Undergrad: 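Here's a structure for you.
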Number of protein chains: 2
Amino acid sequence: MDKLHIHIDVSPELFVKNPDNSDLGKKIVTNSIELIHELGFENFTIKKLSIKIGSPESTMYRYFESKHMILFYLIYWYWSWIEYRLVFKTHNLPSAEEKVKSAIKLLTESVEEDSTFSHINEILLDRIIMSEAVKAYFTKRIDLQTEQTHFSVYKRVVERVSQMILEINSNYPYSHMLVSTLIEGAHQQRFFAENIPSLTDVNNDPCYITKFYEQLVFNSISK
Amino acid sequence: MDKLHIHIDVSPELFVKNPDNSDLGKKIVTNSIELIHELGFENFTIKKLSIKIGSPESTMYRYFESKHMILFYLIYWYWSWIEYRLVFKTHNLPSAEEKVKSAIKLLTESVEEDSTFSHINEILLDRIIMSEAVKAYFTKRIDLQTEQTHFSVYKRVVERVSQMILEINSNYPYSHMLVSTLIEGAHQQRFFAENIPSLTDVNNDPCYITKFYEQLVFNSISK
DNA sequence: GCGAATATAATAGTATTACTATTATTAATA
DNA sequence: TATTAATAATAGTAATACTATTATATTCGC
């Protein structure tokens with residue numbers, strides 16, 4: 001079966017020239033993902049990227065205003081992709097419970113296959129978001145416009161899941177807080193499981209993070 | 001009433017020369033807290049610190065190996081202080097429920113008064129941990145020895161609260177995960193409430209974060 | 001209270017890095 | 001073919017983390 005021809009549009013505030021419209025642009029995105037994953041965002045430099053690609057540094061700046069903007073671009077892309085999958089997966093499910101279950105699974109499990117979008121490795125991107133995105137959130141430097149832009153997609157994801165929860169219990173007062181705790185907590189637990197395992201309850205079950213948050217959510221919202 | 005003469009020892013791997021043993025050292029710690037709070041960790045530089053203090057940059061390096069080590073020192077100090085308060089506050093409480101309640105309060109509320117330790121402003125430090133500590137956790141650069149050292153106190157806090165939870169329900173399988181979700185989630189919610197309020201359920205009640213996590217924990221562990 | 005160790009000051013310097021500027025060359029396009 | 005735009009090649013700037021060196025205080029054993 002052919003792949004769907006879907007395309008994720010990233011807000012134009014996040015780039016100087018749309019990297020999606022040229023081979024070089026896609027190469028920058030592809031290689032940024034690989035390098036950030038490999039080195040961590042602090043050790044990722046434009047010089048290293050330009051050497052990996054074989055084009056001068058100045059060319060990178062013709063696509064992205066700064067190295068931070070590359071990370072924001074990737075984060076925006078990621079959450080747009082998650083939102084698309086969230087809508088797709090929960091569509092037509094018969095009950096609110098099943099929708100929430102499906103959402104929790106999507107938001108807590110690691111991405112295991114790389115398929116839909118040719119030049120983006122979703123597995124690596126997922127791992128970058130897990131370990132590097134907090135550094136982008138918790139910053140005062142970025143201008144407000146950009147911050148608004150970036151968080152708009154993230155907020156929409158939170159809002160969508162929040163609405164599903166309110167379908168189950170319309171009186172639950174902390175739906176947004178619960179969803180963002182779930183999203184960030186799951187990323188953090190995955191990071192801990194890999195890097196500081198004694199902070200989690202690692203066991204043989206590969207789904208334990210999902211199970212934990214499923215239990216957490218349903219116990220919290222049941223009347 | 002006189003203050004208690006307690007003293008928090010920071011692991012010697014985290015400094016070159018113990019800043020607690022000299023006036024200049026204490027000045028470095030005091031002013032680092034103020035500057036990191038004011039500028040954020042990225043914009044905090046040793047040069048700015050040295051200008052604020054009025055001593056040359058090289059002197060800073062005689063106390064701390066790097067600017068990162070200053071942050072690790074502060075994080076270590078913070079969690080030792082939290083651990084001390086945790087033990088103190090839960091001591092002699094009659095039931096495990098009350099211990100857990102008290103622990104949740106301690107771990108989720110903002111620090112509002114600065115008292116015990118003369119040269120450390122606990123209010124500012126608490127705010128630094130809330131907004132800057134994630135950047136220190138999520139890093140691959142630091143050497144393993146230091147990472148172990150730093151996390152040892154944090155882990156002990158998680159372990160202590162975890163034990164209290166198991167006192168209530170010894171079959172609960174996710175106690176560590178629940179506690180670290182609580183700790184990091186509360187910091188994150190406080191950060192969101194200040195910086196990206198639409199991601200939380202802000203309302204007039206100043207204790208809503210505490211209430212949310214209290215409900216979350218007790219609903220999760222009740223049999 | 002003297003001499004030796006130690007702490008700090010003053011200053012200079014290196015390597016890295018984010019980012020800019022300039023000009024040459026190639027590719028796309030009208 | 002002429003024009004425009006994209007990219008390459010190269011150089012340069014300012015900031016910064018950190019090191020090195022020497023001079024001047026301060027502390028402390030005796």
Side-chain angles (χ1 to χ4, degrees), chain A residues 12-32 35-36 38-74 119 132 135-136 139-143 146, chain B residues 12-32 35-36 38-74 119 132 135-136 139-143 146:
Chain A
E13 285 97 339
L14 296 176
F15 49 75
V16 180
K17 178 172 152 61
N18 195 337
D20 223 20
N21 291 340
S22 74
D23 285 348
L24 185 59
K26 286 178 189 165
K27 227 171 139 185
I28 291 174
V29 172
T30 306
N31 286 278
S32 292
L35 261 187
I36 294 174
E38 188 185 329
L39 305 170
F41 187 64
E42 295 88 346
N43 291 109
F44 163 76
T45 71
I46 300 290
K47 182 153 207 172
K48 288 172 188 164
L49 177 63
S50 72
I51 289 168
K52 192 168 153 79
I53 290 177
S55 291
E57 295 171 65
S58 50
T59 299
M60 312 297 127
Y61 287 101
R62 301 192 62 258
Y63 284 88
F64 291 102
E65 204 178 298
S66 68
K67 90 176 221 183
H68 294 272
M69 282 301 172
I70 299 180
L71 184 57
F72 285 119
Y73 178 94
L74 296 177
H119 71 294
E132 311 295 330
K135 294 171 198 164
T139 300
K140 289 158 189 169
R141 284 165 317 176
I142 41 162
D143 63 292
T146 310
Chain B
E13 284 96 341
L14 295 174
F15 50 74
V16 180
K17 179 172 149 63
N18 196 336
D20 221 21
N21 291 341
S22 74
D23 286 349
L24 184 59
K26 286 178 188 164
K27 228 171 140 186
I28 291 174
V29 171
T30 306
N31 285 278
S32 291
L35 261 187
I36 294 174
E38 188 186 327
L39 305 171
F41 186 66
E42 295 88 345
N43 291 110
F44 164 76
T45 70
I46 299 289
K47 182 152 207 171
K48 289 172 188 164
L49 177 63
S50 72
I51 289 168
K52 192 168 153 77
I53 290 177
S55 291
E57 295 170 64
S58 49
T59 300
M60 313 297 128
Y61 287 101
R62 301 193 61 259
Y63 283 89
F64 291 102
E65 203 178 299
S66 69
K67 88 176 221 182
H68 293 272
M69 282 299 172
I70 298 180
L71 184 57
F72 284 118
Y73 178 94
L74 295 177
H119 71 292
E132 312 295 330
K135 294 171 200 163
T139 301
K140 290 158 190 169
R141 284 166 319 177
I142 41 160
D143 63 291
T146 310

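The chains referred to below are lettered A, B, ... by the order of the sequence lines, with proteins before strands, and numbering in each begins at 1. Values in this document were obtained by computation on a predicted structure and should not be read as measured data.
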Undergrad: Treating B:Lys67 as the side-chain partner and B:Phe41 as the backbone partner, does any N or O pair qualify as donor plus acceptor under 3.5 Å?
TA: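 Such a contact is found between B:Lys67 side chain and B:Phe41 backbone.
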Undergrad: Identify the heavy atoms of A:Phe64 and A:Leu14 that sit nearest to each other, and give their distance.
TA: CD2-O, 3.7 Å
Undergrad: Could you state the CD1-C1' distance from B:Ile51 to D:dT16, rounded to the nearest angstrom?
TA: 12 Å
Undergrad: Quick one: which of D:dT7, C:dT11, C:dT17 gets closest to the side chain of A:Thr45?
TA: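 Ranking D:dT7, C:dT11, C:dT17 by closest atom to the A:Thr45 side chain puts C:dT17 first.
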Undergrad: Would you please confirm or rule out a distance under 4.0 Å between OP1 or OP2 of C:dA7 and any side-chain N or O of B:Tyr63?
TA: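 No.
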Undergrad: How many Å lie between CD1 on A:Ile53 and P on D:dA9, as a whole number?
TA: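 For the pair A:Ile53 CD1 and D:dA9 P, the rounded distance is 14 Å.
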Undergrad: First locate atom CD of A:Glu42, then atom CD of A:Glu132, and finally report the distance between them rounded to the nearest 0.5 Å.
TA: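 One gets 6.0 Å once the value is rounded to the nearest 0.5 Å.
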Undergrad: Take the protein atom CG of B:Leu24 and the nucleotide atom C1' of D:dT27, then report the distance between them rounded to whole Å.
TA: 15 Å
Undergrad: Which whole-number value in Å describes the distance from B:Arg62 CZ to C:dA9 C1'?
TA: 11 Å
Undergrad: Do you see a donor-acceptor pair shorter than 3.5 Å between the side chains of B:Ser22 and B:Tyr63?
TA: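 Distance-only check passes for B:Ser22 and B:Tyr63.
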Undergrad: Are A:Lys47 and C:dT16 close enough that a side-chain N or O sits under 4.0 Å from OP1 or OP2?
TA: no
Undergrad: Could you tell me the separation between the CG atom of B:Asn18 and the C1' atom of C:dT6, rounded to a whole number of Å?
TA: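 To the nearest whole Å, that distance equals 16 Å.
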Undergrad: Can you see if the side chain of B:Thr59 gets near the phosphate of C:dT8 - specifically, an N or O under 4.0 Å from OP1 or OP2?
TA: no
Undergrad: Between D:dT10, D:dA17, C:dC19, spot the one nearest the side chain of A:Ser66, thanks.
TA: C:dC19
Undergrad: Taking the minimum atom-to-atom distance to the side chain of A:Tyr61, which one of D:dA17, C:dC19, D:dA8 wins?
TA: C:dC19
Undergrad: Is B:Ser58 touching bases, backbone alone, or none of the nucleic acid, heavy atoms closer than 4.0 Å?
TA: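 Answer is base: heavy atoms of B:Ser58 come under 4.0 Å of a base.
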Undergrad: Expressed in angstrom and rounded to an integer, what is the separation of B:Met60 atom CE from C:dA7 atom P?
TA: 15 Å
Undergrad: Which heavy atom of A:Asn43 sits nearest a heavy atom of A:Lys48, and at what distance?
TA: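 Where A:Asn43 meets A:Lys48 most closely, the heavy atoms are O-NZ, 2.8 Å.
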Undergrad: Hey, does A:Phe44 reach any base, or is it just sugar-phosphate, or nothing, if we go heavy atoms under 4.0 Å?
TA: sugar-phosphate
Undergrad: Side-chain N or O of B:Ser55 versus OP1/OP2 of C:dA9: is the shortest distance under 4.0 Å?
TA: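 Result: yes.
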Undergrad: Send over the distance from B:Glu57 CD to C:dA12 C1', rounded to a whole Å.
TA: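 Answer to the nearest Å: 11 Å.
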Undergrad: Whole Å only: how far is the CG atom of B:Leu35 from the P atom of D:dA17?
TA: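 Checked: the CG to P distance equals 12 Å.
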